[in-house]
Amino acid sequence: MEWINGVTIGVVLFVIGLLTLMLRRDLIVKLLGLGLLNTSVILVLISLGYYTRGVAPIITGKPEQIYIDPLPQALVLSAIVINLAILALSLVFVMILMERYHTTDSVKIAQQIEYERSQEQAHIR
Amino acid sequence: MIAGKRLTAQKTIAVIVALVFLLVVLFSFSFIGKRPGAGEEFIRQGVEDTGAVNIVAAIYLNYRLFDTIFEILVFALAVIGVRFHLHAVKGKRPALKETPFLSESNVVRVAGDLLAPVVALISLFLIVTGHLTPGGGFSGGALLGTGILLLAVARGGEQVGRSLNDNVVDRLEQIFFVGIIALSLLPPLFGRPLLANFLPLGEPGHLLSSGWIPLYNLLIGGKVFIGIWAMIYCFIRHRGDV
């Protein structure tokens with residue numbers, strides 16, 4: 001059972017998020033998949049810096065302690081903040097699309113945009 | 001029918017590509033062994049260099065402060081984007097009610113009133129002791145923003161928005177953002193290189209130590225709190241209720 005660790009679970013969650021982004025048609029569900037994808041990347045990066053029986057990188061002065069690698073934790077902080085920023089902004093964009101097309105179905109929105117464009121083309125001719 | 005078949009084929013291709021991706025990534029990760037990473041250097045030198053006991057805070061507020069400043073810039077841009085684009089969404093935009101339907105429940109109101117000060121206290125503790133224990137400006141600010149959302153659920157968005165309205169939010173956001181940028185530009189005046197700590201390091205493990213890391217934690221905590229409240233307030237006003 002050595003292979004069940006944060007890295008493996010993180011990669012599996014990443015693929016689930018990727019499939020949600022590709023296969024689901026609802027924009028809100030797509031955003032949930034995007035959040036899952038972001039979180040799985042954070043999980044992978046944190047797990048790569050983890051040592052078995054390591055303690056948090058807060059120096060207490062006790063000897064013979066294995067400290068966890070602090071570098072991924074510090075860098076993942078940016079990923080978390082950017083995750084929040086992307087999700088909040090894209091939620092607003094979904095609201096704008098919802099306002100205009102009255103649906104969150106991405107395929108239907110694409111069809112309506114195609115239809116509007118063809119109407120415009122016909123109008124120009 | 002043809003369109004449906006094409007869609008099914010596309011889905012099958014997507015699943016196959018994702019599975020191949022999964023196998024390739026898992027295979028390549030299996031070569032990464034456990035060995036001392038780049039963080040060893042920070043653990044050995046961190047306390048001596050920065051005076052902060054929490055090495056993660058030492059990295060993101062001293063060694064790599066440049067990254068953190070741009071991270072704050074990204075967050076500020078997201079807040080500006082949400083506030084700007086939500087104005088474009090007309091919606092129904094109903095008037096804010098004095099008492100939202102949730103607070104008609106006594107349980108929600110009493111629990112919110114009881115819990116909000118505790119959440120605020122914990123988040124202030126996280127912000128102030130960010131260089132000593134796990135925590136810091138980002139997590140503390142996010143917690144404070146969530147606490148004020150709790151208050152808004154219990155008391156109604158209108159009542160909280162009366163004291164923290166657009167003018168106050170704008171002014172505080174400018175103050176915190178300019179404070180963060182100005183603090184990072186100060187060191188040349190004290191004969192230090194740009195983005196280098198110029199305050200005395202003090203004794204590691206004490207509250208007033210590690211130079212400007214507590215100052216940065218305070219400023220970042222305030223910035224994150226105000227940013228999250230600005231976004232929540234926009235959504236509340238758009239919806240007309242919490």
Side-chain angles (χ1 to χ4, degrees), chain A residues 2-3 5 7-8 10-12 14-23 25 44 47-52 54 56-61 65-100 107, chain B residues 7 10-11 14-15 17-19 21-22 25-26 29-30 32 34 36-40 42-43 46-47 52-60 63-64 67-68 70-72 74-75 77-79 81-82 84-86 88-91 132-134 136 138-139 142 204-205 224 228 231 234-235 238:
Chain A
E2 182 81 347
W3 55 274
N5 50 27
V7 176
T8 325
V11 173
V12 171
F14 184 90
V15 169
I16 293 174
L18 202 65
L19 281 176
T20 316
L21 274 181
M22 288 194 290
L23 297 182
R25 288 166 56 162
V44 168
S47 317
L48 279 177
Y50 179 74
Y51 303 130
T52 319
I58 291 166
I59 308 297
T60 48
Q65 258 180 344
I66 307 171
Y67 292 109
I68 292 166
D69 201 343
L71 196 58
Q73 302 191 6
L75 296 188
V76 136
L77 205 68
S78 331
I80 296 172
V81 172
I82 289 168
N83 184 1
L84 177 80
I86 287 174
L87 282 182
L89 255 188
S90 41
L91 201 60
V92 174
F93 291 149
V94 170
M95 280 166 82
I96 291 175
L97 284 175
M98 176 84 186
E99 168 88 14
R100 184 154 175 199
V107 176
Chain B
L7 214 61
Q10 275 178 2
K11 280 184 182 177
V15 171
V17 166
L19 287 181
F21 175 83
L22 173 76
V25 172
L26 280 184
F29 268 126
S30 69
I32 297 179
K34 289 289 177 193
E40 292 292 300
F42 294 119
I43 284 177
V47 178
V53 181
N54 183 354
I55 299 298
V56 177
I59 292 175
Y60 81 81
Y63 290 112
R64 292 177 186 244
D67 293 358
T68 310
F70 280 95
E71 188 183 329
I72 295 161
V74 168
F75 183 73
L77 271 179
V79 174
V82 167
F84 177 76
H85 284 293
L86 261 187
V89 186
K90 287 189 288 293
L132 305 176
T133 57
F138 286 105
S139 47
V224 171
I228 286 182
M231 285 200 269
C234 266
F235 282 114
H238 182 262

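What you are looking at is a predicted structure, and each value in this text was computed from that prediction instead of being measured. First the proteins, then the strands, lettered A, B, ... as listed; each starts at 1. Both backbone and side-chain heavy atoms feed into the values below; hydrogens, waters and symmetry mates do not.
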Could you tell me if the side chain of Tyr60(B) sits less than 4.5 Å from the side chain of Gln73(A), heavy atoms only?
no

Given that the side chain runs from C-beta out, which part of Ile72(B) has a heavy atom under 4.5 Å from chain A: side chain, backbone, both or neither?
neither

Give, as side chain, backbone, both or neither, the part of Ala88(A) having an atom under 4.5 angstrom from any heavy atom of chain B.
both

The ring pair (Phe, Tyr, Trp, His ring centres under 6.0 Å) partners of Phe84(B) (sequence neighbours excluded) come to none

Please flag which part of Val53(B) lies under 4.5 Å from any non-hydrogen atom of chain A: side chain, backbone, both or neither.
both

Using a 4.5 Å cut-off on heavy atoms from C-beta on, say whether the side chain of Phe29(B) contacts that of Val44(A).
yes

What part of Thr133(B) gets closer than 4.5 Å to chain A, counting heavy atoms only: side chain, backbone, both or neither?
backbone

So, taking the atom named CD1 in Ile55(B) and the one named CD1 in Ile68(A), what distance separates them when rounded to the nearest 0.5 Å?
13.0 Å

Does any heavy atom of chain A fall under 4.5 Å from the side chain of Pro134(B), the backbone, both, or neither of them?
both

Quick check for you: to the nearest 0.5 Å, what is the distance between Leu19(A) atom CG and Leu22(B) atom CG?
9.5 Å

In this structure, CG of Leu77(A) is separated from CZ of Phe138(B) (nearest 0.5 Å) by 5.5 Å

Using side-chain heavy atoms (C-beta onward) and a distance below 4.5 Å, is Leu75(A) in contact with Arg64(B)?
yes

If you count heavy-atom pairs under 4.5 Å with chain B, which of Leu84(A), Ile66(A), Leu23(A) comes out on top?
Leu23(A)

Quick check for you: among Ile82(A), Ile59(A), Thr60(A), Leu91(A), which has the greatest number of heavy-atom pairs under 4.5 Å with chain B?
Ile59(A)

For Pro72(A), what residues pass the side chain to side chain contact (heavy atoms under 4.5 Å, CB included) criterion, not counting sequence neighbours?
Asp69(A)

Is there a side-chain contact between Lys11(B) and Met22(A), using heavy atoms and a 4.5 Å cut-off?
no

Applying side chain to side chain contact (heavy atoms under 4.5 Å, CB included), run through Phe42(B) and Leu71(A) and close with a yes or a no.
CA-CA 8 Å; Phe42(B) 294 119; Leu71(A) 196 58; 3.4 Å; yes

Could you walk me through whether His238(B) and Met95(A) pass side chain to side chain contact (heavy atoms under 4.5 Å, CB included), step by step?
CA-CA 10 Å; His238(B) 182 262; Met95(A) 280 166 82; 3.2 Å; yes

Any non-hydrogen side-chain atom of Leu26(B) less than 4.5 Å from a side-chain atom of Thr8(A)?
yes

Looking at Gly81(B), Ala14(B), Pro204(B), which makes the most heavy-atom pairs under 4.5 Å with chain A?
Ala14(B)

Measure Val17(B) against the heavy atoms of chain A and call it side chain, backbone, both or neither at under 4.5 Å.
neither

Nearest atoms (heavy-atom pairs only) where Val74(B) meets Ala85(A)
CG1-CB, 4.3 Å

